[in-house]
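Take a look at the structure set out below.
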Amino acid sequence: MSTSILYDTPGPRSRRRTAIGSVVAGVAILAALALVVQQLAEQGQFDLELWSPWIDPTDEQFPAVWDLITEAAINTLTAAVLAMAFSLVIGTLLALSRITAAAWYRWIIVGVVELLRGIPVVIAIFFAARVLPQFGLDLPTLWYLVIGLTAYNSVIIAEIVRAGINSLPRGQREAAESLGLRRSQVLAQVLLPQAFRVMLPALISQLVVVLKDTSLGFIISYEETVNTAGIIIQNLRNPIQTYLIIAVLFIVVNYALSRLAVYIEYRLSRGKKSVSKKAEEATMSEAGTAGA
Amino acid sequence: MNVIIENFPLYVDGLLRTLQICAYGFVGSLVLGTILGAFRVSPVAPLRWVGTAWVTVFRNCPLTIVLFFCAFGLPEVGINGLYFWFGVTGLVLYTSAFVCEAVRSGINSVSPGQAEAARAVGLNFGQSLSSVIMPQAVRTVIPPLGSVIIAMIKNSAIVGAFGVGGDLFAVGQGLASAQGKAALPVLTGVALGYLVITIPGGLLLGILERKVAIAR
């Protein structure tokens with residue numbers, strides 16, 4: 001933060017003021033934290049019986065609780081990985097058909113993309129779980145969740161892929177075409193491989209979104225982490241403790257993925273200045289659309 | 001499609017309720033997010049830590065868990081209230097982290113030369129902030145902020161799924177589950193309800209973006 005554009009390099013007086021401000025703010029924050037802790041303690045939220053199923057290996061419920069949550073975490077990851085894989089394939093196909101489509105039917109693809117982008121992902125999931133069975137498509141709950149997530153995320157990925165391809169210098173396409181490559185070859189052998197490199201950070205960020213969105217599986221009773229946490233809470237009556245543990249699990253995994261995205265972006269920007277600058281803009285505009 | 005026509009008033013009520021949640025969420029997260037954004041660029045280290053911790057926690061945690069925490073955690077520590085307000089609180093806590101990041105990246109996108117030039121001509125901190133940096137930062141903040149707000153409108157459906165009575169999602173859930181109506185038309189109606197908000201919102205954002213776009 002030393003290079004913040006808002007301030008000059010501080011002189012002795014403003015350094016003193018900053019120091020005083022830091023102490024005041026620090027005390028205020030500690031006081032607020034202490035108040036929260038005190039409130040929690042007053043309500044008996046630090047009682048060992050609420051925590052021990054999670055943190056005490058000798059507790060009789062400890063193995064069962066962690067078995068349940070491990071299984072649920074695997075279910076969450078399965079749904080996220082499947083949804084991401086399908087979204088990647090369908091999203092790429094959507095983007096390619098949007099790019100190569102003749103004008104007279106391109107609007108159909110644009111329409112589908114805009115429609116699916118405009119509805120909440122939770123509606124897409126609920127839709128899949130309620131409507132598909134009425135058309136005789138009886139699947140395990142996992143697949144309704146995957147279908148719902150894929151419907152929503154494939155159009156987001158389609159936009160990321162399109163932005164990635166558009167961010168490449170025009171010379172790439174021109175050079176490939178002048179070598180006599182067919183249109184499909186230009187896309188498959190020249191543009192897409194480069195675009196995927198550029199898009200990698202945005203795709204990882206989207207994986208974080210998908211991972212978070214799998215928690216919506218609780219609406220259709222898919223046994224993922226949040227749903228299982230609910231079941232545990234019904235038995236142990238410790239919502240704060242259980243949700244805290246689940247939240248920490250999510251935050252650790254997602255934070256690691258976000259850092260990975262930042263790291264890859266940094267690596268890429270060292271390699272190719274001009275390309276990754278544009279990709280960064282593409283990523284920037286996508287970063288805001290983070291879902292649930 | 002008769003279901004939609006028969007229950008049209010219900011859908012309109014749901015739409016209004018959704019808009020109400022979004023209005024509270026919009027104001028709340030904008031205020032909180034801007035404060036946090038200011039924290040993140042402030043020279044006072046503890047405030048920066050609070051901002052960073054907030055963003056790390058709420059950006060990486062599913063909204064579902066945030067809402068569960070508000071709905072079931074807060075009553076445990078003696079904070080009671082309407083479900084509606086728990087839902088709005090959760091939405092504000094979650095969205096403010098994204099608003100904060102948009103604000104911060106906007107401020108950081110102003111080139112340092114601008115601030116240096118402002119100081120060089122003798123403007124003080126308040127003047128350079130209000131007449132040089134902010135006018136430029138706001139322009140870069142608008143596109144990502146708009147996306148965040150549209151995402152928030154869609155996320156309000158999750159608040160509805162928690163049984164904040166009568167919003168669009170709850171209307172759909174009620175008609176499809178409780179009354180056993182055919183799910184396809186009922187949920188198509190719900191989806192249309194959201195599209196009525198999100199698509200014009202997206203178009204408006206596009207216009208706004210072109211209007212404030214600056215070559216840099």
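Convention: sequence-line order gives letters A, B, ...; per-chain numbering from 1. The structure displayed is predicted, hence computed values, not measured ones.
- Across A:Ile219 and B:Phe169, no two heavy atoms sit closer than the pair CG2-CZ, 4.3 Å.
- For a residue to count as touching a neighbouring chain, one of its non-hydrogen atoms must lie under 4.5 Å from one of that chain's; by this rule B:Ala102 does not touch chain A.
- In this structure, the side chains of A:Val24 and B:Val44 stay at 4.5 Å or more apart for every pair of heavy atoms.
- The distance from the CD1 atom of B:Ile65 to the OG atom of A:Ser215 is 6.0 Å, given to the nearest 0.5 Å.
- Only the side chain of A:Ile29 comes within less than 4.5 Å of a heavy atom of chain B; its backbone N, CA, C and O stay farther away.
- Here the side chain of B:Lys154 pairs a donor or acceptor atom with the backbone of A:Arg117 at under 3.5 angstrom.
- Minimum interatomic distance between B:Arg59 and A:Lys212 (heavy atoms only, all atoms of both residues): O-NZ, 2.6 Å.
- If you measure heavy-atom distances from A:Ile20 to chain B, you find no contacts under 4.5 Å at all.
- Closest heavy-atom contact between B:Gly73 and A:Ile240: O-CD1, 3.6 Å.
- Contact annotation for B:Pro43: both backbone and side-chain heavy atoms come within less than 4.5 Å of a heavy atom of chain A.
- Crowding of A:Tyr263 atom OH: a count of heavy atoms from other residues, nucleotides or ligands under 6.0 Å not exceeding 12.
- Contact annotation for A:Ser22: both backbone and side-chain heavy atoms come within less than 4.5 Å of a heavy atom of chain B.
- Between chain B and the options A:Val122, A:Ile119, A:Ile251, heavy-atom pairs under 4.5 Å are most frequent for A:Ile251.
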Please walk me through it: do A:Phe250 and B:Asn60 pass side-chain contact (heavy atoms from CB on, under 4.5 Å)? CA-CA 7 Å; A:Phe250 264 104; B:Asn60 293 313; over 6 Å; no
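- Along residues 220-233 of chain A, the residues that come nearer than 4.5 angstrom to chain B, judged on non-hydrogen atoms, are A:Val226 in order of number.
- In this structure, chain A has a heavy atom under 4.5 Å from the side chain of B:Val50, while its backbone stays farther away.
- Identified by a heavy-atom distance below 4.5 Å to chain B, the contributing residues of residues 35-42 of chain A are A:Gln39, A:Leu40, in residue-number order.
- Side-chain contact check for A:Phe135 versus B:Leu184: some heavy-atom pair is nearer than 4.5 Å.
- For chain B, no part of A:Leu257 is nearby; none of its heavy atoms comes within less than 4.5 Å.
- Note on ring orientation: taking the six-membered ring where Trp is involved, the planes of A:Tyr243 and B:Phe69 are tilted (angle from 30° to 60°).
- For chain A, no part of B:Ile150 is nearby; none of its heavy atoms comes within less than 4.5 Å.
- Scanning both residues, A:Phe127 and B:Thr188, for their nearest heavy atoms gives CE1-N, 3.9 Å.
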